[in-house]
Amino acid sequence: MEWKVTKEPLYTLATDCLVVIQTQGGESLKGCIRAMDEALDHRISQLMADGEITGRYQEVTMTHNWGKIPAKRLLILGMGKEEDLTLEKLRNGISVAACKARDAGVKRLTLGCSKNLSERWNAADLVQALVEGVELGVYRYRGYKQENSKENRREIEEVWLSLEDVSDSAFEAGLERGRVFAAGTKAARNLVNEPANKLTPSALAEYAKKIADHLGMKAEILDEKKLKELNMNALLAVSKASAEEPRMIVLSYQGAPDSQEVLGLVGKGVTFDSGGIQVKPDNGMGDMKGDMAGAAAVLGAMEVIGSLRPHCNVTAVIPACENMINGNGYRPGDVIDSFSGKTIEIQHTDAEGRLILADGLSYARRLGATSLVNVATLTGAVIVALGRSVTGLMTNHEDWGDEVKEAARVAGEKVWELPMFEEYEEYLKSSVADLKNEGGREAGCIQGGIFLKHFVEDTPWVHLDIAGTADTKGKEGFAATGAGVRTLAQLALRFSGK
Ligand code: BES
Ligand code: MN
Ligand code: ZN
């Protein structure tokens, strides 16, 4: 997709479709949409008077040009109340509009944002949001269909941004960040959408190696033999019933050789989660191909970091394996070791994510990480607690937690903190081991955080549970979102101030 910028007014441009933003409230039409209404002999006002266009958030109305403007058609995008408008809403709204335009066969699109709206934001941030909105909105997973259907061939080829008062440098900066953030997010979506027979732990490792080579980062892949030598026994225990070998994937980006600070990103890479011997029920088990979304978020963020090259050090650690079933599998009641030396009583074989992350977090500390964030599709309970649009956040360090929250806010991803009071420790006390991996249904999401906390010691750490946000249950079924990529990437950009 090609991106261009122009200072010409929107209604003078001769593309296939103009997207204009309509907010709710206020007496009269303002900015672009007012100029457009005048060019169209007040037909927009008429449609509004008739109640066909309300400006409701994400309302999309396509109209003709009635031979009055050079563009072939007009797409009016509702943005809700002007005072409630945020960059996150703008980005998501633009996504819906771009997708509709693409499906209608639009190849050349023009986007505008009039001054009364654009003034509230830094110009580069605004451009970034618009670029991300379009790029992410038109994303499609290619899959393995032999036939390339007519719908699948439809693509937007060119987007013109019509923005007054945006300097060339702000445009360039916003465009670069928008494209790179979107590319990282799309890469993560691709990985998560990929079926588990294709994306095995070793295939994930090869992918990671490829991007590291491409971006000039160091990659170290630990295979089963090496994992045994290092006593990564929690990862090995989960992987035991699988025919696929596990991997510990490590990528390191050295952008600040002068600094001791290292941001450690740890992602859960369970390429398929059957539940183990405490097998999952058969409702939607296929979605568990996406149980490596944490790993995908970390890899997507590393792609962004490798492209934008901030002044900071980042180490990515991804424990990758399958949670399968055979005669070798770990059992409830077993006691296993971990890389940290702590022993774990297995209470539930379906609480596998925290086991492999225990080794991943300990290993990231061993490699020198001074601040940690782990990302994981850890619990169904987070979906019960927060739904599908908010990621659960837990932390052992208030300031580091605030830093991650701020990165998420700037990135336009929603997170909400859950508490880790001392009382919750009770759930995971074991009579035969240092701790157990599950303690019943109560506070299920928090138990995941409490378990992981035991493996980070005093290193500032944040746990992001993306089980609810990693995919949507849209009308076409499972669809990965790339949740976490932009938050982690934004965090690394902020970390570069250190
Ligand atoms: N991968 C699942 C969590 C999950 C559930 C992700 C739904 C995405 C959608 C995780 O490994 C799991 O099975 N968690 C158990 C934990 C329980 C056994 C303590 C769960 O949520 O039921
Ligand atoms: Mn599980
Ligand atoms: Zn899992």
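Counting begins at 1 with the first residue of the sequence. Quick caveat: nothing in here was measured; it's all calculated off a predicted structure. Ligands are counted one by one from 1 in listed order, and the atoms in each one are counted from 1 as well.
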Before accepting this row, confirm whether a basic side-chain N of the pair [X]/[Y] lies closer than 4.0 Å to the acidic partner's carboxylate O.
X      : Y      : result
Asp103 : Arg154 : no
Glu425 : Lys453 : yes
Glu206 : Arg247 : no
Glu88  : Lys414 : yes
Lys280 : Asp350 : yes
Lys268 : Glu352 : yes

Using the side chain to side chain donor-acceptor pair (under 3.5 Å) rule, take Thr54 and Glu59 through it: C-alpha gap first, then chi angles, then the decisive distance, then the call.
CA-CA 8 Å; Thr54 66; Glu59 173 188 78; 2.8 Å; yes
Taking the N/O/S atoms of Asp273 one by one, which is nearest to the Mn ion (ligand 2)?
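Restricting Asp273 to its N, O and S atoms, the minimum distance to the Mn ion (ligand 2) goes to OD2.
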Using distance alone, decide if ligand 1 has a nitrogen or oxygen within less than 3.5 Å of any nitrogen or oxygen in [X].
X      : answer
Thr379 : no
Lys280 : yes
Gly380 : yes

Heavy-atom gap Gln278 to ligand 1 smaller than 4.0 Å:
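Heavy atoms of Gln278 never come under 4.0 Å of ligand 1.
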Gln347 near ligand 1 by a heavy-atom separation under 4.0 Å
no
In terms of residue, atom name and distance, what is the protein heavy atom nearest to [atom]?
atom                    : value
atom 15 (C) of ligand 1 : Asp350 O, 3.9 Å
atom 10 (C) of ligand 1 : Leu378 O, 3.3 Å
atom 2 (C) of ligand 1  : Asp273 OD2, 3.6 Å
atom 19 (C) of ligand 1 : Glu438 CG, 3.2 Å

A cation-pi test, strictly: NZ or CZ of [X] under 6.0 Å from the centre of the six-membered ring of [Y] and no more than 45 degrees from its axis. Yes or no?
X      : Y      : answer
Lys89  : Tyr57  : yes
Lys198 : Tyr144 : yes
Arg189 : Tyr141 : no

Heavy-atom nearest option to atom 11 (O) of ligand 1, drawn from Met288, Glu352, Arg441
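Checking each option, the heavy atom nearest atom 11 (O) of ligand 1 is found in Glu352.
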To check your reading of the site, what angle at the Mn ion (ligand 2) do O of Asp350 and OE1 of Glu352 form, to 10°?
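O of Asp350, the Mn ion (ligand 2) and OE1 of Glu352 span an angle of about 70°.
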Around the Zn ion (ligand 3), how many protein N/O/S atoms fall inside 2.8 Å?
4
Quick check on contacts: which atoms of ligand 1 are under 4.0 angstrom from a heavy atom of Ala467?
6 (C), 8 (C)
Atoms of ligand 1, numbered as shown, that sit under 4.0 Å from any heavy atom of Lys268
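Per the distance check, 1 (N), 10 (C), 11 (O).
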Smallest separation among heavy atoms of Ala208 and Leu251, with atom names:
O-CD2, 3.8 Å
May I ask you to check whether Trp3 and Glu135 show a side-chain donor-acceptor distance below 3.5 Å?
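A donor-acceptor contact under 3.5 Å links the two side chains.
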We want to know whether Asp337 and Thr343 form a side-chain donor-acceptor pair, criterion being a heavy-atom distance below 3.5 angstrom.
no
